[in-house]
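Proteins get letters first, then strands, A, B, ... in listed order; numbering begins at 1 in each.
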Amino acid sequence: MKWEKAFERVDDHRWRIPKGTVECMRTDAVVFASEGMLPSIASDNAPLQAANVACLPGIVGDSLAMPDIHWGYGFPIGGVAAVDADHGYISPGGIGFDINCGVRLIRTDLRREDVSKHLDALMDALYLNVPSGLGSKGLKKLNDEELSKVLEYGSEWAVRNGYGWDRDLERTEEGGRMEGADPTHVSDRAKKRGIPQLGSLGSGNHFLEVDVVDEVFDEGAAKAFGLSEGMVTVTVHCGSRGCGHQIATDYLADMGKYVRDNDVRLPDPQLACAPLSSDIGARYFSAMSCGANYAWANRQMITHWVRESFEKVFSDSAESLGIEMVYDVAHNIAKKERHAWEGGSGDVLVHRKGATRAFAPGRPELPMAYRDVGQPVIVPGDMSTGTYVLVGAEGAMTQSFGSSCHGAGREMSRKQAVRTIRAGDVKREMRDRSIVLRSGSDASLVEEAPSAYKDLETVVDVVVGAGLTGKVARLTPIGVVKG
DNA sequence: ATGTTC
């Protein structure tokens, strides 16, 4: 299959893979992209995966893919699919192994010039205080009972235990806690992996970044989000560590068995799924919610250590330094939401796998401070180019079940990056851009090299051009901690 | 993403 030929042009930002391209498709697949991005998108199996997702039982609307689409497990990364809340199927491959991998944006009252002379000390403090790297362990020793509370209460547990402030919860998607998260649906093995790792960044594409607000595009939204030009911000990208990974692994095995036992017809075994209303489907959703809560507690603890790091370096309190959360978004999760789409409306389960919720103004899920503005959408690029702050727009509600992109997206596979890039080149590039880098592993530097990623501007231009989001601000890195 | 093939 020549996938570039399979794309039918809808407009400058939308390409349709029509129902029938893959035999079992129940609906079309629509990829948000510019024409120039199509060869890259068609260079791996991602378009086939977007088409395969259209075979998911109970899917409503189109199978969607964001412009940062690339090859994933079952679903493409960048994939969005909504299924009927009563009759639809839930698929762990539509959420991903790193359940509630997500991004948190924190603002400060500090300006670039306040931080530049202390930047090395700040990066040392952040590297010391926030555990990072493959197999990294948290600083808090948990027992089984505490871990169960983390799984059930998420960020609420963290704040209740001294990691952050009550108002942080309002600035977290879902309040940092999925309802219905029952720890008894999480295996002992997942719990065992989760206990030592809570409060750690991890490895891979996870990072902690200190940025400066470089350009503001929407003064009104930026003001509502507490952002202004020249301000120093911190971006945290991490997930549910080995705990979420084990939950995904456990339930993929169980759902594989469900699919075989019940003769569910799927184009790819990696799309293993079960009715949301079935015992196994409901148990997975509950366990996934536990994984999501773990990730929120994780980012909340890291937020606390970020505040402590600034307090130490700037000899002032986090309150008086204005270290406040802007927002925390999940980008690997399934959520029960009410939506309208072409041809219907109602309660659905939205799978977002490498895609961010991007609710337009007016949605009741948004905190009051953002209700009239829209949801902050935080879109990190590669480690050298920084992060975009976008805001959810009406187009997302009508076209993409309130969703947008989650990052630049990989251009090269990890293997390909290791083959063609050297750690020294990455370090030099960061130095040339005057970005202070703290990293424990040359291997992860190479896998996450800037040249292994797509161009963030191109990705953002598509979601803005398609009306899914609006541009608010661009953040440029001055310091990066890589796992 | 990940105790990178329990």
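Between Cys238(A) and Cys101(A), the sulfur-to-sulfur (SG-SG) separation does not fall under 2.5 Å.
Note on Gly239(A): nothing from the nucleic acid sits closer than 4.0 angstrom, heavy atoms only. Ser203(A) comes within 4.0 angstrom of the backbone, heavy atoms only, and of no base.
With hydrogens and angles left out, the side-chain atoms of Ser187(A) and Gln246(A) include no donor and acceptor closer than 3.5 Å.
Open room surrounds NZ on Lys137(A); 12 or fewer heavy atoms of other groups in view lie less than 6.0 Å from it.
The aromatic rings of Trp157(A) and Tyr163(A) sit parallel to each other, their planes meeting at less than 30°, with 60° as the upper class boundary.
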Close N/O contacts between protein and nucleotides 3-6 of chain B (under 3.5 Å):
{"residue": "dG3(B)", "atom": "OP1", "partner": "Arg193(A)", "partner atom": "NH2", "Å": "2.1"}
{"residue": "dG3(B)", "atom": "OP2", "partner": "Gln197(A)", "partner atom": "NE2", "Å": "2.6"}
{"residue": "dG3(B)", "atom": "N1", "partner": "Arg193(A)", "partner atom": "NH1", "Å": "3.4"}
{"residue": "dG3(B)", "atom": "N2", "partner": "Arg193(A)", "partner atom": "NH1", "Å": "3.1"}

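Atom OH of Tyr294(A) is separated from atom C1' of dT2(B) by 13 Å (rounded to the nearest Å).
A cation-pi arrangement is present between Arg410(A) and Tyr453(A) under the rule of less than 6.0 angstrom and at most 45 degrees off the ring axis.
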